[in-house]
Q: 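Structure provided below as structure tokens; questions to follow.
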Protein chains: 2
Amino acid sequence: MKEGPNLAAVAALLGDPARANMLTALMDGRALTATELAHEAGVTLQTTSGHLARLEAAHLLRVEKQGRHRYFRLSGEDVAEVLEGLMGLAARTGHLRTKPGPKDPALRQARVCYDHLAGDMGVWAFDRLWAKGLVGGHDRHVHVTERGRAFFAGFGIDVEALAQGRRPLCRVCLDWSERRYHIAGAVGSQLLRKLFDKGWARREKDSRVVHFTPKGRQDFAKLLA
Amino acid sequence: MKEGPNLAAVAALLGDPARANMLTALMDGRALTATELAHEAGVTLQTTSGHLARLEAAHLLRVEKQGRHRYFRLSGEDVAEVLEGLMGLAARTGHLRTKPGPKDPALRQARVCYDHLAGDMGVWAFDRLWAKGLVGGHDRHVHVTERGRAFFAGFGIDVEALAQGRRPLCRVCLDWSERRYHIAGAVGSQLLRKLFDKGWARREKDSRVVHFTPKGRQDFAKLLA
DNA sequence: TTCATAGTTCGGCAATAACCGAAGCATGCG
DNA sequence: CGCATGCTTCGGTTATTGCCGAACTATGAA
């Protein structure tokens, strides 16, 4: 009758508005304190505390103690991926939160997803990497090609070194606004970092929105032309 | 504070055990009736009805009406993908369920659906009829062609006579094990009857299972070759 | 028409759990 | 030390919602 793991328990955790708000706030990969998350969720601190305990028990969050603060962050990229997927389903049903807020277009254009680039720009970048034969594979199993290694090296990303880490080198992540894949994994993470380092883009404060400078956009386009 | 679509509403839908069981049962892409889903979920039909209405309203399910049955299926691959992702998170926490149960292979191969042939054999027969140009049309509106009339006459089925009756001459029926169409309607009914009359197949007692004799299978294959 | 099956709607009950106030620890600072 | 801050635990209230029995509608078969 029933097959596979019990998804209901996890989904129920994500299904509470307060918890969902907290997780959404953590989608950008930052670590936030319980007090900050309480504010995000719009509930009192003691309520938040209970929620966070449950999320941590389910291994959806990791916590880092630091003095009298406790910093919470998503436990991994896979959590962010599922959250993005759920947003995709929600967006499809027209269940937009309220109306598309003022930040919505910016969010659709470029945003942080965990620690890599999402939105229109993220999907475009993945498309170009693929078209240029810098990443390859089929379905969702993606890898960096030989030519890709050279390309990333030229961009200041040492793929060989990343490959030593435990983290999957290259993954894809489904984009809720574009309904297509963008690049994730260690390479995706480094790619976004380089965009910031080079001054091509910067993060909006307290938001997932990523702003490209005019020149940055131009250079990025040229890079992947 | 809040960015992006409201994932809580969708996640809450997936977070109920009964609904999660229904969705899990639909994960393989088949279409199931409300009664079957009620059984899967372990709740009564009226409870199921409410759940299905909500899932459909959220566009997580699509429904196909067929006679007095309503066949539900996942609305798309993206839904299945999110469910998979949630199972992944659940599995990570060690929330495994009971083992998968054994299926009934005979039922999948050939069975009675009302009064016509379903299962692997039923879908195969419809494919052949279609490929040979004996039935035609598009989408779900199917009719017997001129050549088809001659073919069925040769098999002992008088299409002209059947056309006099109130019952639709030729319909298609969605197959739950193959999740494709097989032939139904008056012609489908007569076809199955002829299979029994000719001794090519027989019904298992108190079951929907249909057993073909070796010779019957051979002759049927030759007929539609 | 009459009967059977598939599914929906309605109403009330019961269990869950989200919420907050208040009190209790723990850490850091002066 | 005393005090403030960050967070957790406890208890009781409240709102939600999942559930089923019963009655109702719709389709099909005889």
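So you know, we letter chains A, B, ... as the sequences are listed, proteins then strands, and number each from 1. Here the structure is a predicted model, which means the values were calculated and not measured.
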Q: With sugar-phosphate meaning primed atoms plus P, OP1 and OP2, does A18(B) contact a base, only sugar-phosphate, or nothing at under 4.0 Å between heavy atoms?
A: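 Sugar-phosphate only.
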
Q: Report the C-alpha distance between E56(B) and R70(B) in whole Å, list the side-chain angles of each, state the deciding distance to 0.1 Å, and finish with yes or no for salt bridge (charged side-chain N to carboxylate O under 4.0 Å, His left out).
A: CA-CA 12 Å; E56(B) 197 201 343; R70(B) 299 188 71 203; 3.7 Å; yes

Q: Using salt bridge (Lys or Arg N to Asp or Glu O under 4.0 Å) as the criterion, list what pairs up with D197(A), not counting sequence neighbours.
A: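 D197(A) satisfies salt bridge (Lys or Arg N to Asp or Glu O under 4.0 Å) with no other residue.
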
Q: Measure from the side-chain heavy atoms of T33(A) and tell me the nearest of dT9(D), dC7(D), dG7(C).
A: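 For the T33(A) side chain, the nearest candidate turns out to be dC7(D).
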
Q: N21(B) has an atom CG; how far is it from atom P of dG18(D), in whole Å?
A: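 Value for this atom pair: 14 Å.
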
Q: May I ask you to evaluate whether R70(A) reaches the phosphate of dT8(D), defined as a side-chain N or O under 4.0 Å from OP1 or OP2?
A: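 True: R70(A) side-chain N/O within range (under 4.0 Å) of dT8(D) OP1/OP2.
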
Q: Taking the minimum atom-to-atom distance to the side chain of S49(B), which one of dT9(C), dA18(C), dC20(C) wins?
A: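 Shortest atom-to-atom distance from the side chain points to dT9(C).
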
Q: With a 4.0 Å limit, can you tell me whether T35(A) has a side-chain N or O closer than that to the phosphate oxygens OP1/OP2 of dT5(D)?
A: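 For T35(A), the contact criterion (side-chain N or O under 4.0 Å from OP1 or OP2 of dT5(D)) is not met.
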
Q: Write down the distance between CG (D16(A)) and C1' (dC19(C)), rounded to a whole number of angstrom.
A: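 D16(A) atom CG is separated from dC19(C) atom C1' by 10 Å.
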
Q: Give the rounded distance in Å between these two atoms: CG of L45(B) and C1' of dT9(C).
A: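 Spelled out: CG on L45(B) to C1' on dT9(C) is 12 Å.
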
Q: Under 4.0 Å between a side-chain N/O of K65(B) and OP1 or OP2 of dA6(C), yes or no?
A: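 So the side chain of K65(B) is outside the cut-off, no N or O lying under 4.0 Å from OP1 or OP2 of dA6(C).
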
Q: For the ring pair W200(B) and F155(B), is the centre-to-centre distance below 6.0 Å?
A: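 Here the rings of F155(B) and W200(B) have centres that are less than 6.0 Å from each other.
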
Q: Can you tell me which nucleotide in dT9(D), dA18(C), dC20(C) comes closest to the side chain of H51(A)?
A: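 Out of dT9(D), dA18(C), dC20(C), the nucleotide with an atom closest to H51(A)'s side chain is dA18(C).
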
Q: Which atom pairs, donor and acceptor, lie under 3.5 Å between side-chain atoms of residues 41-55 of chain A and protein residues at least two apart or in another chain?
A:
from, atom 1, to, atom 2, distance (Å)
T44(A), OG1, Q46(A), OE1, 3.4
T44(A), OG1, T47(A), OG1, 3.1
T48(A), OG1, T44(A), O, 2.9
H51(A), ND1, R19(A), NH1, 3.1

Q: Are OP1 or OP2 of dG18(D) and a side-chain N or O of R19(B) less than 4.0 angstrom apart?
A: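 It does, given that an N or O in the side chain of R19(B) lies less than 4.0 Å from OP1 or OP2 of dG18(D).
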
Q: Take atom CG of L52(A) and atom P of dG6(D), then tell me their distance rounded to the nearest Å.
A: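 Rounded to whole Å, this separation is 15 Å.
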
Q: Starting at NE2 of H69(A) and ending at C1' of dC29(C), how long is that distance when rounded to a whole Å?
A: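 After rounding, the reported distance stands at 12 Å.
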
Q: Side chain of V43(A) only, heavy atoms from C-beta on: which candidate in dT9(D), dC19(C), dA6(C) is closest?
A: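 Output: dC19(C).
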
Q: Just the rounded figure in Å: distance from C1' of dC19(D) to CZ of R54(B).
A: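 From R54(B) CZ to dC19(D) C1': 13 Å.
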
Q: Give a yes/no on whether any side-chain N or O of T47(A) is located under 4.0 angstrom from OP1 or OP2 of dC20(C).
A: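 Checking dC20(C) against T47(A), a side-chain N or O does come within under 4.0 Å of OP1 or OP2.
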
Q: Over how many whole Å does the gap from M22(A) atom CE to dC7(D) atom P extend?
A: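 Rounded to the whole Å, the gap is 12 Å.
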
Q: Whole angstrom is fine here: how far is it from CD in Q46(A) over to C1' in dG21(C)?
A: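 Between C1' of dG21(C) and CD of Q46(A): 7 Å.
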
Q: For K215(B), look at atom NZ and say whether over 12 heavy atoms of other residues, nucleotides or ligands are found less than 6.0 Å away.
A: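 Atom NZ in K215(B) is not crowded, with 12 or fewer foreign heavy atoms closer than 6.0 Å.
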
